[in-house]
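Chain A is the first sequence line, chain B the second, and so forth, proteins listed ahead of strands; every chain is numbered from 1.
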2 protein chains.
Amino acid sequence: MVTNMNTNQRFAISIHALTLLASSSTPLTSGMIASSVDTNPVVIRRTMASLREHGLVESKPGAHGGWKLLREPAQIGLYEVYRSLDEVNVLTVHGHPNKFCPVGGNITGVLQAVFDDAQSKMEKALGNYTIADVLKDVRKKANRSV
Amino acid sequence: MVTNMNTNQRFAISIHALTLLASSSTPLTSGMIASSVDTNPVVIRRTMASLREHGLVESKPGAHGGWKLLREPAQIGLYEVYRSLDEVNVLTVHGHPNKFCPVGGNITGVLQAVFDDAQSKMEKALGNYTIADVLKDVRKKANRSV
DNA sequence: CATATTTGTAACTATAATGGTTACAAATAT
DNA sequence: ATATTTGTAACCATTATAGTTACAAATATG
């Protein structure tokens, strides 16, 4: 049996939303983004709120409001998007091993160091991509102007 | 707020158990391992079953039974341990975006390629460590013979 | 052979993460 | 004024996960 270690879609949804904004000359509403992502507008607002807190987007309520980018798509790296969600530890150290066992009492720190190293390599890879790259690849697949 | 994307501790538990076995000259029971990990023996059996299916350990039921390594600790890489758990996708692409949107209809493949690249970098980093390395670092922290 | 030990595994529970949904106040443009 | 849109709390349903109980099957030893 093959399982996912992680069912959190917020990172994917964030990239999707930012790519939509990058492809649009006007602000997009939560409803429009939700329609493309196929979810509820509140899910979009919740996710976008994290991006707004980190200065990637801004929102405006009311008629003709919505979301827009605060930066050029080529200046938005996926690592920064990832960090904006305040989600860490794709690999998780177990909680409270037996302190009186020589292995149990010392393995937590060793594991955390290994996991931190592995994760930093992943994050570095994410940093090699920007929203502009994603949009370019999407357009390539769409094979027309999006 | 900072959250974990992942609460799955099986990888950490697996490394912990394998490190214990590497430190022991005799087989260890699920109960002994569970005591060091601080969990229930069934949790250990479930996790170890995956490692057994992948040829990393063997188990023997009955009196004086238990678990032992089938390979030298220096020959057990953490990437192989990770793969033995059949857990994939530390980054998850969202499920069913709108096919009729040019972005929604094409972003899934683009995201999967990016996530696969990021994950492969993480996996490569894990491959740089073995159970022998973990045991060595644990012993260094313990500052005595384990 | 009898007994104690240990794994194998099904079944169940509790907790937490997650996404989805409803509801409504506040802000905004026209 | 009115329609639109975000902000956010509250709640529900689903799923992943760890933990637990129970018991059959296998094994070593006296």
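Between the P atom of D:dG7 and the CD atom of A:Glu53 lies a distance of 10 Å, rounded to the nearest Å. With rounding to whole Å, B:Lys68 atom NZ is found 15 Å from C:dT7 atom C1'. Rounded to whole angstrom, the span from the CD atom of A:Gln9 across to the C1' atom of C:dG19 amounts to 8 Å. Separating the CG atom of A:Asn8 from the C1' atom of C:dG19 is a distance of 10 Å, rounded to the nearest angstrom. Atom CZ in B:Phe11 sits roughly 14 Å away from atom P in D:dA18 (whole-Å rounding). If you measure from atom NE2 of B:His94 to atom P of C:dG19, you get 11 Å, rounded to the nearest angstrom. The CD1 atom of B:Ile44 sits 11 Å away from the P atom of C:dT7 (whole-angstrom rounding).
Looking at which nucleotide of DNA chain C each of A:Arg46 and B:Leu28 is closest to, the 5′-most match is held by B:Leu28. Comparing B:Thr29 and B:His96 along DNA chain C, the residue whose closest nucleotide (by nearest heavy atom) sits nearer the 5' end is B:Thr29.
When both distances must be under 3.5 Å, the Watson-Crick or G-U wobble mate of C:dA26 is D:dT5. Remark: D:dT14 base-pairs with C:dA17. Criterion, Watson-Crick or G-U wobble with two distances under 3.5 Å.
Annotation: proximity of residues 30-39 of chain A to DNA chain C (heavy atom, distance under 4.0 Å) is found for A:Thr39, numbered in ascending order.
Using a 4.5 Å heavy-atom cutoff, the side chains of B:Ser59 and B:Trp67 are in contact.
Dashed line: the shortest gap from a side-chain N or O of B:Ser59 to OP1 or OP2 of C:dG8 is under 4.0 Å.
The side chain of A:Arg52 sits closest to D:dG7 out of C:dT7, C:dG19, D:dG7.
Under 4.0 Å is where a charged nitrogen must lie from a carboxylate oxygen, and between B:Glu58 and B:Arg71 no such pair does. Ionic pairing of B:Lys121 and A:Glu123 is not present here: no N-O contact between side-chain nitrogen and carboxylate oxygen is shorter than 4.0 angstrom.
Taking the six-membered ring where the residue is Trp, A:Phe11 and B:Phe115 present parallel rings, their angle staying beneath 30° rather than reaching 60°.
Under the side-chain contact (heavy atoms from CB on, under 4.5 Å) test applied with B:Val81, the options B:Leu51, B:Thr130, B:Val134 reduce to a single match, B:Leu51.
With sequence neighbours excluded, no residue forms a side chain to side chain donor-acceptor pair (under 3.5 Å) with A:Thr108.
Checked by atom type and distance alone, the side chain of A:Thr47 pairs as donor or acceptor with a backbone atom of A:Val43 at under 3.5 Å. Side chain of A:Ser23 to backbone of A:Leu20: a donor-acceptor contact under 3.5 angstrom is found.
Counted by atom type alone, B:Tyr129 and A:Asp117 present one or more donor-acceptor pairs between their side chains at under 3.5 Å.
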* What one-letter contact string describes nucleotides 22-30 of chain C from 5' to 3', where B marks a base within less than 4.0 Å of any protein heavy atom, S marks contact via sugar-phosphate atoms alone, and - marks no contact? -> BB---BBSS
